[in-house]
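Notes follow the structure.
Note that the coordinates shown come from a computational prediction; the quantities given were computed from them, not determined experimentally.
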Amino acid sequence: MCRSVKRFLSVILTLWVMSAAWGQGLYIGGHKAVRDILYYRWLCSIPKEYFGTDWTTQLVMDSTCTRIQFNGVTIANGDTVTFDSIAGGKEYPFSVMYNGAILNGKITFTWLPIMELNGSFSTEYSNGTISLNTPDSLTREDDMVAKLKWRGGITNGAGRAKRNYSIKFLDENGDKMDRRLLGLRKDNHWKLDAGQVDLLRVRNRVCTDLWLDMSVKPWYADLEPKMVNGSRGKTVELILNQRYHGIFHLIEPVDRKQLKLVKHDTINNEFHGQLWYNKYWNRTGTMGLPVPYSNYREQWDSLFVEYPDFEEVCPTDWSTLANGVHFAFNTSINRDWVAFEDSLGYYFDLPVMMDYLIFIVTLGAVDNESKNVFYSCYDKTIDPRLLMTPWDLDLTVGQKLPTWDDSKVAPDRYITWISHVPMYNMYFNSRYFYKKIRKRYWQLRKTYLDTDSLVDRFRRVVDELEACGAAAREEQRWSKTIDIYGQTLDLSKEMEKVEKWIRDRMAYIDMDIFPYIEPLFGDVNDDGEVNIVDANAVIAVISGNTVDEEITARADLNSDGEVNITDLNTVIGVILK
């Protein structure tokens, strides 16, 4: 018998022995209720529409149960019972005679999926099992075998309790196995995000969804329409080794498959798609003073190779990323802003970078301005442009660590905290990019960055957690723990703080960072001046030598729906005055 199969059978036997005392199955209307021995309750995931109603359904236990009491009344296994006025957090008294012992507890409901993790985990991968119970389906994923480990930086320190996890699913032979979970991508590699230091528990998920909604598509999106520049996810409630462990988010990793980068040519050892991650603050990552790199090392300062895997492809190739870093550094040192404007788009996907700048400024994402960011290249042999992808957005919208003073996350914090050189220079030193960034900001202010829309985006998620009872269970489990430095966990009060922060922040940005400036009449090319260049732009529209929709719209100076000699005479008149 091969080693992986032996390991698999050993894990299954261990887990069976661990869970035997509480191994009975409880099914309510066909939905599995998961035993939580920490709070003596069964948690059951059911459709959202059942909440607020009386639900009459069948209650089934396995054959080892000899007596069931529900709401103080003895019933037979398989009898019909009624759960009156189902509500989030409402509990129904329940007891069962199991192998001669009476188990007392409560039944309560959620409409979030319930994930069960069983095993013994650390910073190294070890085998365990995962079960997933969803509200809208009676089909369950039971005892899926996987390798799991803790992941994270600060959140993975000594004494931490609610940790993040990396998951890699296996088949019965111990080989990797792809699974599609909760309507997300099909893959063997997944992440569980705990929101450990986040007093709202959902900042990372909500902010990542905002990024996915607001950011422009990367330059190669037409070539790869299924690419996703970020990490999608779903909220679940986690039971860890039969103990309630709180609100988590099952998320997709940012990797080659997610970004649809071109695969490495292993036959010819030719680099195509590449991916790197900047994990810590460092001078190289800020493109301020890059240190030398070696293709024989997986790490460059605090940048790490993600793809191709360093253990499979060594020496690696840092040159694509290094060229962009050194260009940004050299133009900053030489203050050659003409070269900066001319060449920055050769090294970076500029529309995405500008959205990233607006994104982190809006959210006050101090932990993401030059770290917690992925850089990728679709295929270095056809285009070296670098794409940016955010990661780990829990320290946003006013959330801070105890070591930070309030000024670090204040809603009136100015843009000078950004040390990422290309974005910093785009804003402060390039008139061309400053205008483009400001214009893009005001486009987004009408949609995804509308103040009420931002508040509602957070409010909807928190309201859902409160209505299904998950918020109260999370507060019960983790309030005043070391993970949040002894603070009280109250999602409703934290949401009030988040709303105030957003409203203060957006008002401040509007006035002091990206102030709206009325465009000059006659400034057809939108460069802040009216001169002969604008007259030439009108001529280009009239003659059909431009297809730029924005220039065409600005060239219609009398707003009659046409661009003709009248508009040309108008702009010449402005120039002469």
Side-chain angles (χ1 to χ4, degrees), residues 214-217 219 331-332 335-359 361-362 414-416 418 422-451 506-577:
M214 67 163 266
S215 60
V216 296
K217 295 291 185 183
W219 70 267
T331 53
S332 178
R335 306 188 69 79
D336 185 356
W337 306 126
V338 174
F340 178 79
E341 291 185 1
D342 287 345
S343 303
L344 188 61
Y346 174 82
Y347 293 100
F348 298 92
D349 190 332
L350 279 181
V352 175
M353 178 178 280
M354 288 193 291
D355 275 359
Y356 193 92
L357 172 63
I358 293 168
F359 178 71
V361 167
T362 299
Y414 197 58
I415 196 172
T416 48
I418 292 175
M423 293 189 296
Y424 187 90
N425 286 336
M426 282 167 65
Y427 181 77
F428 282 104
N429 298 307
S430 170
R431 180 179 180 182
Y432 170 71
F433 284 123
Y434 169 74
K435 291 189 64 176
K436 292 192 66 147
I437 292 166
R438 191 179 63 205
K439 181 178 180 179
R440 174 62 175 161
Y441 170 77
W442 283 101
Q443 288 175 341
L444 291 168
R445 279 294 271 139
K446 298 175 182 177
T447 54
Y448 299 111
L449 298 188
D450 172 77
T451 303
M506 300 315 294
Y508 180 76
I509 295 174
D510 289 352
M511 291 293 294
D512 291 86
I513 297 181
F514 300 128
Y516 181 78
I517 298 175
E518 193 71 31
L520 286 173
F521 182 72
D523 185 12
V524 179
N525 70 342
D526 195 30
D527 67 352
E529 300 177 2
V530 182
N531 52 34
I532 193 63
V533 178
D534 299 291
N536 290 336
V538 175
I539 293 171
V541 174
I542 295 172
S543 61
N545 290 330
T546 182
V547 293
D548 190 305
E549 294 181 358
E550 292 186 0
I551 288 179
T552 301
R554 288 193 294 269
D556 184 13
L557 295 172
N558 61 357
S559 302
D560 65 353
E562 298 180 5
V563 180
N564 51 37
I565 192 66
T566 303
D567 301 294
L568 179 59
N569 290 334
T570 300
V571 75
I572 291 173
V574 174
I575 295 170
L576 293 176
K577 289 181 180 179

Measure the spacing between [atom1] of [X] and [atom2] of [Y] and express it to the nearest 0.5 Å.
X: Lys436; Y: Met354; atom1: NZ; atom2: CE; result: 4.5 Å
X: Ile509; Y: Leu449; atom1: CD1; atom2: CG; result: 8.0 Å
X: Leu357; Y: Leu350; atom1: CG; atom2: CG; result: 11.5 Å
X: Ile437; Y: Met423; atom1: CD1; atom2: CE; result: 9.5 Å
X: Asp342; Y: Thr331; atom1: CG; atom2: OG1; result: 11.5 Å
X: Leu444; Y: Asp450; atom1: CG; atom2: CG; result: 11.5 Å

How close do [X] and [Y] get, counting heavy atoms only, and between which atoms?
X: Ile575; Y: Ala535; answer: CD1-CB, 4.3 Å
X: Ala555; Y: Val541; answer: CB-CG2, 4.2 Å
X: Asn429; Y: Arg335; answer: OD1-NH2, 3.9 Å
X: Glu341; Y: Phe433; answer: CA-CE1, 3.9 Å

All pairs passing ring-ring contact (aromatic ring centres under 6.0 Å, His included) where residues 516-563 contributes a residue, at least two apart: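 Found Trp442-Tyr516.
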Whether the side chain of Asp534 engages the backbone of Asn531 through a donor-acceptor N/O pair (distance < 3.5 Å, no angle test) should be reported.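 Side chain of Asp534 to backbone of Asn531, a donor-acceptor pair under 3.5 Å: yes, one is there.
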With sequence neighbours left out, what residues match Phe428 under side-chain contact (heavy atoms from CB on, under 4.5 Å)? Tyr414, Ile415, Thr416, Tyr424
With sequence neighbours left out, what residues match Pro351 under side-chain contact (heavy atoms from CB on, under 4.5 Å)?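 For Pro351 the side-chain contact (heavy atoms from CB on, under 4.5 Å) partners, ignoring immediate neighbours, are Val216, Asp349.
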Can you list the residues that meet the side chain to side chain donor-acceptor pair (under 3.5 Å) rule with [X], with sequence neighbours excluded?
X: Asp355; result: Arg440
X: Thr570; result: none
X: Ser343; result: none

Quick one: list whatever passes ring-ring contact (aromatic ring centres under 6.0 Å, His included) with [X], sequence neighbours left out.
X: Phe348; value: none
X: Phe359; value: Trp211
X: Tyr441; value: Phe514

Mind jotting down which residue pairs meet the salt bridge (charged side-chain N to carboxylate O under 4.0 Å, His left out) criterion with at least one end in residues 539-548? Sequence neighbours excluded, please. none
Salt bridge (charged side-chain N to carboxylate O under 4.0 Å, His left out) contacts in which one or both residues fall within residues 553-575, not counting sequence neighbours: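 Found Glu550-Arg554.
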Heavy-atom side-chain proximity of Met506 to Arg445 below 4.5 angstrom: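 Result yes, sub-4.5 Å side-chain heavy-atom pair found.
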With sequence neighbours left out, write down each residue that passes salt bridge (charged side-chain N to carboxylate O under 4.0 Å, His left out) with Arg438, or none if nothing qualifies.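 Salt bridge (charged side-chain N to carboxylate O under 4.0 Å, His left out) list for Arg438, sorted by chain: empty.
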Is there a side-chain contact (heavy atoms from CB on, under 4.5 Å) between Phe340 and Asn425? Walk through the geometry before answering. CA-CA 9 Å; Phe340 178 79; Asn425 286 336; 3.7 Å; yes
